[in-house]
Peer 1: 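Just passing along the structure, written as C-alpha cells.
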Amino acid sequence: MSQKPSIPKGTRDFTPRETAQRNYIFDTIKSVFRLYGFQQIETPAMENLITLMGKYGEEGDKLLFKILNSGDFLSGISEEELKEANSLRLAGKIAEKGLRYDLTVPLARFVVQNRHSISFPFKRYQIQPVWRADRPQKGRYREFYQCDADVVGSNSLMNELELIQILDEVYQRLKIKVIIKLNNRKILSGIAEIIGESENLTNITVAIDKLDKIGLQKVNEELLSKGISQGAVEKLQPILNLHGSNAEKLQQLKTVLGSSATGLQGISEMETLFNLCDTVSLNAVLSLDLTLARGLNYYTGVIIEVIASDVQIGSISGGGRYDNLTGMFGMPGVSGVGISFGAERIYDVLTQLNLFPENQSEQTKILFVCFGEKEQAYCLPLLKTLRELGINAELYPDLDKLKKQMSYADQQSIPFVGIVGENEMRENKVMLRNMKTGIQQLCSLKEIIDTIQ
RNA sequence: GUGGAUAUAGCUCAGUUGGUUAGAGCGUCGGAUUGUGGUUCCGAAGGUCGCGGGUUCGAAUCCCGUUUUCCACCCCA
C-alpha cells in the first residue's frame, strides 16, 4: 500500500462547503473595506528573513518559518561552524527567506519600498495567509488568514473613527453582536509613570491584560513577581477598579493622571474619539477598557479589540495605532493605524450561532441529466443560454443510471434537475423537477428560466 | 518551549485478565427499482490495529522510543 497522505501540522484543507462559507466572510469584509475607500494589495508569501527578524520580539523570531536556501545550502559553511552545531547561528546562514508572520511588517516594507508610487494617506487592505511555527491548539493554526485594513501617513483620529465604523458595519452584516473595547497606550504609559514604574510598562500591560481571565488577585501576584514594587501595585488598584460610563472613567482618570503629560494626552484623544463615535450612531457597544493592553508592543495610541457578546471565544478583531510604522526600514515619522479581522474565529462564531446563510450564491441552480449522447447534445445550447443569463447550470457528464445522476444532484443540494429523454426532445422541452417538492413538469426553456431565476 | 491525554475501516467509535478468522454505525459501491434523489430492504468492497523496537508460546491489548492529534501553560489571531 502507498503511504498515507497527510498535511503538515496546524494546516487545513477546506472543502467546497467550508470554502464557500469562508468566502462569505471574506467577501463581506472586502465589500465594507471598499465602501470606505480602502484598496487591496498583496505581498509575497515569503520575505527576506532580515525583513522579518527582530520585529516580533524574541518569541516571534522563534515562531518564524524559515526557508532553506536553494541549491547547495551548505557551501560556504566552515567545518568549525558545522561542528559547533549552533542551530540558531547556522539557520541565519542557510536560510535567507522566511514565510510572513503577519501583514503589518510586510506593509511597512511595502510602503518604504514603493514610496515613489503611493501618496499619503495610504489606505490599503490585505487578505492573505500568514504562518507561525507555533504549537497548534483549538482555534490556533500554523497557517491562517488575516484580513487587515490600515491607514498609513495620517495622524487624524478620523481614521480611528472610520476603522471603528468598519468593524461595526462588518459585524452588523455578519449578524454578530459585538462589544468594541477601546484603550490608549498613552494612558497606560501615564499610569506606569504615575506609579513610578515606567520602565516596566510591558510587564504591567501583559499582566493587567489578563484581569478578566485570572482575576485581580493573580494579576497582583504576577505584577509583584515581575519586580513591580508593592507600593506601585497598591497605587494601581484604584485604576484597575474604575467603573461607570466611559465619560466617567475618563473623568476619574484625569484626576489620577493629572501630573502625566502623556497620560493626559491619551485621555484627550479618547474624549475626542468617543465624541466622534457619538455622531455616527454605532450598533456595537463601545467600552473604555483599561485592562485592554494586547500583546503587541508596537501600539502607541488607540488600541482596539472586538469580542462577540453571545459567544465566549476571545477577541475576534483587534487593532490600533502605531507611530513610526516605517521607522524600522529607515523612513521615520510615518504613523499607521489599522485593524485586523480574525477570520478563523469569526468562522467559529458563525458556526456556533448557525449564522451562515443557507443559500450560497455559488451553488448550481440546475443540473441536466440525460439518457444518451443525443440528449446531452440537445442540452448544450440550453446550458449556454442559461449561463449567459448568469444562471449556474451544469450537465451530468456521464451516461450513468438516472438514479446515480439524481443522487448527485441531491448530494450537491442542487434545487432543480432537468431530465431529458426522447419524449422531451420530441416536444422540444425538458422535464423540470423541483428537488425539494418532488413536483415535475414538462417545460420550455423560457419556462425553466422563469421558474428557477 | 513545558506538562497531560490520544491514535483500531474513508468518517465516528466498540474491542473483556494478553488467547482462534479484529467488530458496529455512518459513508461508498451493487441489487430490489433498465425514466426519477432524499425513506426502506438485501448484499459487497474496505484494516501492516500510527510507526519502530522489546516482553511473551501468543500482543490491537503490557513496556520503551518516535510521530500525530487534542487539552492546559507560555505566547498569540
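So that the names make sense, note that chain A is the first sequence line, chain B the second, and so on, each numbered from 1. Only this structure's heavy atoms are used, side chains among them; waters, hydrogens and symmetry mates stay out.
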Peer 1: Is A/Arg142 paired with A/Asp134 through a side-chain N to carboxylate O contact shorter than 4.0 Å?
Peer 2: no
Peer 1: B/G4 base to A/Arg135 side chain: any donor-acceptor pair below 3.5 Å?
Peer 2: no
Peer 1: Under 4.0 Å between a side-chain nitrogen and a carboxylate oxygen: does that hold for A/Glu18 and A/Arg22?
Peer 2: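 So A/Glu18 does not pair with A/Arg22 through a salt bridge.
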Peer 1: Could you tell me the separation between the CG atom of A/Asp134 and the P atom of B/A77, rounded to a whole number of Å?
Peer 2: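 Nearest whole value for this atom pair: 11 Å.
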Peer 1: Taking atom C1' in both B/C51 and B/C57, compute the distance separating them and give it to the nearest angstrom.
Peer 2: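 Approximately 26 Å lies between the C1' atom of B/C51 and that of B/C57.
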Peer 1: Over how many whole Å does the gap from A/Leu103 atom CG to B/C76 atom C1' extend?
Peer 2: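 From A/Leu103 CG to B/C76 C1': 15 Å.
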Peer 1: When every nucleotide of nucleotides 30-37 of chain B is labelled 5' to 3' by its protein contacts under 4.0 Å (heavy atoms), B for base, S for sugar-phosphate only, - for none, what sequence of letters results?
Peer 2: -S---BBB
Peer 1: Please measure how far the C1' atom in B/U21 lies from the corresponding atom in B/G4, and state the result in whole Å.
Peer 2: 38 Å
Peer 1: Are the side chain of A/Arg185 and the backbone of A/Ile303 linked by a donor-acceptor contact shorter than 3.5 Å?
Peer 2: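 No, because the side chain of A/Arg185 does not come within donor-acceptor range (under 3.5 Å) of the backbone of A/Ile303.
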Peer 1: Determine whether the side chains of A/Gln126 and A/Thr43 contain a donor N or O and an acceptor N or O closer than 3.5 Å.
Peer 2: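 Per modelled atom types, A/Gln126 and A/Thr43 side chains form a pair under 3.5 Å.
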Peer 1: Check this for me: does any side-chain nitrogen of one of A/Arg12 and A/Glu143 sit under 4.0 Å from a carboxylate oxygen of the other?
Peer 2: no
Peer 1: Applying the Watson-Crick and G-U wobble criteria at under 3.5 Å, what pairs with B/U66? Answer none if nothing qualifies.
Peer 2: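 B/G50 is the nucleotide pairing with B/U66.
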Peer 1: For the C1' atoms, the ones on B/G19 and on B/G38, what distance do you get once it is rounded to whole angstrom?
Peer 2: 46 Å
Peer 1: Please report the distance, rounded to the nearest Å, between OH in A/Tyr56 and P in B/A77.
Peer 2: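 The answer, rounded to whole Å, is 11 Å.
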Peer 1: I'd like the C1' distance from B/G46 over to B/G23, given in whole Å.
Peer 2: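 Between the two C1' atoms, the distance is 14 Å.
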Peer 1: Work out how far the C1' atom of B/A22 is from that of B/U8, and round it to whole angstrom.
Peer 2: 8 Å
Peer 1: Reading RNA chain B from 5' onward, which residue's closest nucleotide shows up sooner: A/Lys9 or A/Gly342?
Peer 2: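 Here A/Lys9 is the residue nearer the 5' end.
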Peer 1: Return the value, rounded to whole Å, for the distance between atom CD of A/Glu143 and atom C1' of B/C76.
Peer 2: 17 Å
Peer 1: Given B/A77, B/C70, B/C75, which nucleotide is nearest the side-chain atoms of A/Lys210?
Peer 2: B/C75
Peer 1: Between B/G1 atom P and A/Asp61 atom CG, what is the distance in whole Å?
Peer 2: 16 Å
Peer 1: To the nearest angstrom, how far is A/Ile307 atom CD1 from B/A77 atom P?
Peer 2: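 The distance from CD1 of A/Ile307 to P of B/A77 comes to 16 Å, rounded to the nearest Å.
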Peer 1: Answer yes when A/Arg321 and A/Glu269 have at least one side-chain N-carboxylate O distance shorter than 4.0 Å, and no when they do not.
Peer 2: no
Peer 1: Evaluate the side-chain proximity of A/Phe38 to A/Ile166: yes if any heavy-atom separation is below 4.5 Å, no if none is.
Peer 2: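 Answer yes - side chains close enough.
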Peer 1: Which nucleotide, in any strand shown, forms a Watson-Crick or G-U wobble pair with B/C74, with both distances under 3.5 Å?
Peer 2: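 In the structure as shown, B/C74 has no Watson-Crick or wobble partner.
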Peer 1: State whether A/Lys97 and A/Glu47 are salt-bridged, where the test is any N-O pair (Lys NZ or Arg NE/NH1/NH2 against Asp/Glu carboxylate O) under 4.0 Å.
Peer 2: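 No, A/Lys97 and A/Glu47 are not salt-bridged.
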Peer 1: Partner lookup for B/U28, please. Criteria are Watson-Crick or G-U wobble with both distances under 3.5 angstrom; report none if nothing qualifies.
Peer 2: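 Partner of B/U28: B/A44.
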Peer 1: Considering only atom P, compute the distance from B/U48 to B/A9 and round it to an integer number of Å.
Peer 2: 9 Å
Peer 1: Which whole number of Å gives the distance between the C1' atom of B/C49 and that of B/C13?
Peer 2: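 Those two atoms are separated by 13 Å.
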Peer 1: In whole angstrom, what separates A/Lys62's NZ from B/U2's P?
Peer 2: 10 Å
Peer 1: Between the base of B/C75 and the side chain of A/Arg132, is there a donor-acceptor distance below 3.5 Å?
Peer 2: no
Peer 1: Rounding to an integer number of angstrom, what distance separates B/U61 and B/U56 when you compare their C1' atoms?
Peer 2: 13 Å
Peer 1: What is the distance from CD1 of A/Ile29 to P of B/A77, rounded to the nearest Å?
Peer 2: 16 Å
Peer 1: Select base, sugar-phosphate, or nothing to describe what A/Gly10 touches, counting heavy atoms under 4.0 Å on all strands.
Peer 2: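 Sugar-phosphate contact only - A/Gly10 comes under 4.0 Å of backbone atoms but never of a base.
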Peer 1: How are the rings of A/Tyr396 and A/Tyr408 set to each other: parallel, tilted or perpendicular (split at 30° and 60°)?
Peer 2: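 Rings of A/Tyr396 and A/Tyr408: perpendicular, as their planes differ by over 60°.
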